[in-house]
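Working notes, beginning with the structure itself.
Every number for a ligand or one of its atoms is a count from 1 in the order of the listing. Numbering of residues begins at 1 and proceeds along the displayed sequence. Note that these values count all heavy atoms, side chains included, but never hydrogens, waters or copies made by symmetry.
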Amino acid sequence: MAGNPPKIKVSFSDNERLQKLKEAFHGKYAESPLFYVRAPGRVNLIGEHIDYCGYAVLPMAIEQNILAAVSVNNSQAIQLTNTDSKYKDFSVSVNEIIIDRENPQWYYYFLCGVKGVQEQLNLSSLAGIHCIVDGTIPASSGLSSSSALVCCAGLVTMEANQKAISKVLLAETCAKCERYIGTEGGGMDQSISFLAEEGTAKLIEFNPLRATDVKLPAGAMFVIANSCVEMNKAASSLFNIRVVECRIATKVLAKAKGLKWSALQKLGELHTELKLSLEKMLDLVEEVLHPEPYSREEVCKLLEITTEQLCNNILSANTQHVMQFELYQRAKHVYSEAARVVQFKAVCDSSPDDAVLQLGNLMNQSHASCRYLYECSCLELDQLVDICLKAGAVGSRLTGAGWGGCTVSMVPIEKMDSFLRSVKEQYYMPDARRAALVKQSLFVTRPGGGAAIFTEE
Ligand code: GLA
């Protein structure tokens with residue numbers, strides 16, 4: 001896992017996608033690419049909305065990825081094009097990189113990666129590039145297409161400027177710089193994009209960032225099903241509201257325990273500080289917090305701060321309008337989900353006879369917690385999860401940020417054919433729009449490899 005991203009020589013003769021990208025590059029820029037970069041999307045098996053609270057998550061990379069072809073020049077300009085014409089061409093001087101968070105266009109994700117690596121390496125100037133991007137990860141679907149684009153751009157920038165950065169540092173850099181677009185994500189997506197290895201899921205732990213192999217049971221496979229409800233988290237404040245609710249819950253719990261609450265930001269930090277088990281943290285939530293939403297006034301009163309201090313020091317830019325905070329529900333989800341990740345990993349490690357069943361149960365509990373406590377599901381995701389379970393999955397849950405996007409289901413291998421048939425018939429075929437998307441929306445997935453640089457053999 002340690003080390004720098006791999007540089008791989010590939011033969012293009014048996015790789016149609018690379019061949020086509022090379023031709024498209026030539027068509028656009030009348031030259032050949034110097035190198036190629038790939039960064040995968042991911043599916044999170046368990047551990048939702050807890051990375052930004054400091055807890056470990058358990059994703060795997062998927063086969064779908066962002067692929068870029070690049071040439072380097074002295075123009076001092078970054079010139080970008082996308083093989084999908086719905087994404088407009090873009091060009092900017094390397095000295096004028098600005099990311100407009102009010103207007104989350106595709107190329108701003110690319111610029112996040114460029115800026116992040118530039119800052120990390122302390123580069124006063126950057127090489128100019130011609131770049132063409134080709135993505136196979138469905139956008140706004142919870143499979144991390146945006147983070148893959150940020151990671152791809154980070155790696156492109158590193159290579160174009162002839163530098164070397166370790167995978168761990170690239171992951172941390174790309175997690176940080178994606179926040180330029182405004183979402184306060186936790187780092188899972190960028191970490192798995194760089195640290196993934198073919199054939200294994202990973203337990204990703206933070207502070208310090210590290211990834212451990214998780215061997216999935218042989219008797220089942222994971223199926224991704226897209227609800228076809230799009231969720232662009234940078235275009236909505238839902239995601240950051242959850243981040244803020246967790247932050248406030250941390251502070252209210254810390255204050256109740258007599259701790260110095262102002263420096264604590266994450267539920268995980270509070271846990272470390274108190275040196276309790278996750279079960280005891282759940283007891284603490286029951287003891288201190290109430291299920292009714294907290295008003296701003298109540299939060300201010302409990303923390304003995306003014307509304308101004310709440311707005312300036314605790315709320316983020318796009319959560320200034322929020323009037324109520326569901327602290328009990330969010331904290332309960334986070335501590336219980338963190339415990340489920342530990343259990344999931346333990347079952348994979350000990351591999352008991354009923355491993356598939358146990359893992360499925362944990363996935364189902366995770367979905368229920370996302371649905372009822374974290375409220376990051378939606379009607380279509382809940383319907384899809386029900387359909388998947390009835391079709392033979394032992395576990396099914398939303399994956400990624402939620403409020404739309406995909407589900408991931410664990411399906412015993414012998415039931416796979418009937419499972420796929422039945423989900424197709426019940427969720428996709430009755431709706432013309434979904435039916436048209438079924439091929440790229442419902443598929444079996446295996447743990448894929450991490451980000452890499454390619455050159456032609
Ligand atoms: C998004 C974020 C991740 C993580 C998930 C929810 O994908 O980028 O960091 O918080 O949502 O688990």
Q.
If I apply the N/O under 3.5 Å rule, does D189 come out as touching ligand 1?
A.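 Yes - when backbone and side-chain N and O of D189 are compared with those of ligand 1, one distance drops under 3.5 Å.
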
Q.
Any nitrogen or oxygen of G400 lying under 3.5 Å from a nitrogen or oxygen in ligand 1? Just yes or no.
A.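 N/O-N/O distance under 3.5 Å: no.
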
Which atoms of ligand 1 are found less than 4.0 Å from any heavy atom of [X]?
| X | answer |
| --- | --- |
| G185 | 9 (O) |
| F239 | 1 (C), 2 (C), 10 (O), 11 (O) |
| E48 | 6 (C), 12 (O) |
| G186 | 9 (O) |
| A401 | 11 (O) |
| Y52 | 10 (O) |
| M188 | 4 (C), 5 (C), 12 (O) |

(Q) Checking H271 against Y335: is there a side-chain donor and acceptor pair closer than 3.5 Å? (A)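 No, no side-chain donor-acceptor pair sits under 3.5 Å.
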
(Q) For the residue pair T157 / Q118, report whether a side-chain donor-acceptor contact shorter than 3.5 Å exists. (A)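 No, no side-chain donor-acceptor contact under 3.5 Å.
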
Q. Heavy atom of R42 under 4.0 Å from ligand 1?
A.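 Contact check R42 vs ligand 1: positive.
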
**Q.** Min heavy-atom dist G187 to ligand 1 below 4.0 Å
**A.**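 For ligand 1, residue contact (heavy atoms, under 4.0 Å) with G187 is present.
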
Q: Using side chain to side chain contact (heavy atoms under 4.5 Å, CB included) as the criterion, list what pairs up with S336, not counting sequence neighbours.
A: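 By the side chain to side chain contact (heavy atoms under 4.5 Å, CB included) rule, S336 matches L282, R340, S369.
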
Q: Measure M231 to ligand 1 on non-hydrogen atoms and call it side chain, backbone, both or neither using the 4.0 Å cut-off.
A: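 None of M231 does.
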
Q | Criterion side chain to side chain donor-acceptor pair (under 3.5 Å) against E375, the qualifying member of R242, R330, Q329 | A |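 That would be R330; it is the only one of R242, R330, Q329 passing the side chain to side chain donor-acceptor pair (under 3.5 Å) with E375.
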
**Q.** Check: T272 main-chain N/O paired with K275 side-chain donor or acceptor under 3.5 Å
**A.**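 Side chain of K275 to backbone of T272, a donor-acceptor pair under 3.5 Å: no, none is there.
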
**Q.** Taking atom 1 (C) of ligand 1 as the reference point, the nearest protein heavy atom with its distance
**A.**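 Scanning the protein heavy atoms, the shortest distance from atom 1 (C) of ligand 1 goes to K233 CE, 3.5 Å.
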
Q: Give the residue, atom name and distance (to 0.1 Å) of the protein heavy atom nearest atom 10 (O) of ligand 1.
A: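 Answer for atom 10 (O) of ligand 1: D51 OD1, 2.7 Å.
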
Q. Could you go step by step and tell me if D134 and T83 meet the side-chain hydrogen bond (donor to acceptor under 3.5 Å, both in side chains) rule?
A. CA-CA 5 Å; D134 180 60; T83 54; 2.6 Å; yes

Q: Enumerate the residue pairs fulfilling side-chain hydrogen bond (donor to acceptor under 3.5 Å, both in side chains) with a member in residues 59-70, sequence neighbours excluded, ordered by first and then second residue.
A: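 Counting only pairs at least two positions apart or across chains, the side-chain hydrogen bond (donor to acceptor under 3.5 Å, both in side chains) contacts touching residues 59-70 are R17-N65.
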
Q.
Can you see whether Y180 has K115 sitting over its ring - NZ or CZ less than 6.0 Å from the centre and within 45° of the normal?
A.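 Yes, K115 and Y180 form such a contact.
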
Q) Less than 6.0 Å separating the ring centroids of F90 and Y107? A)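 Centroid distance F90-Y107: below 6.0 Å, so yes.
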
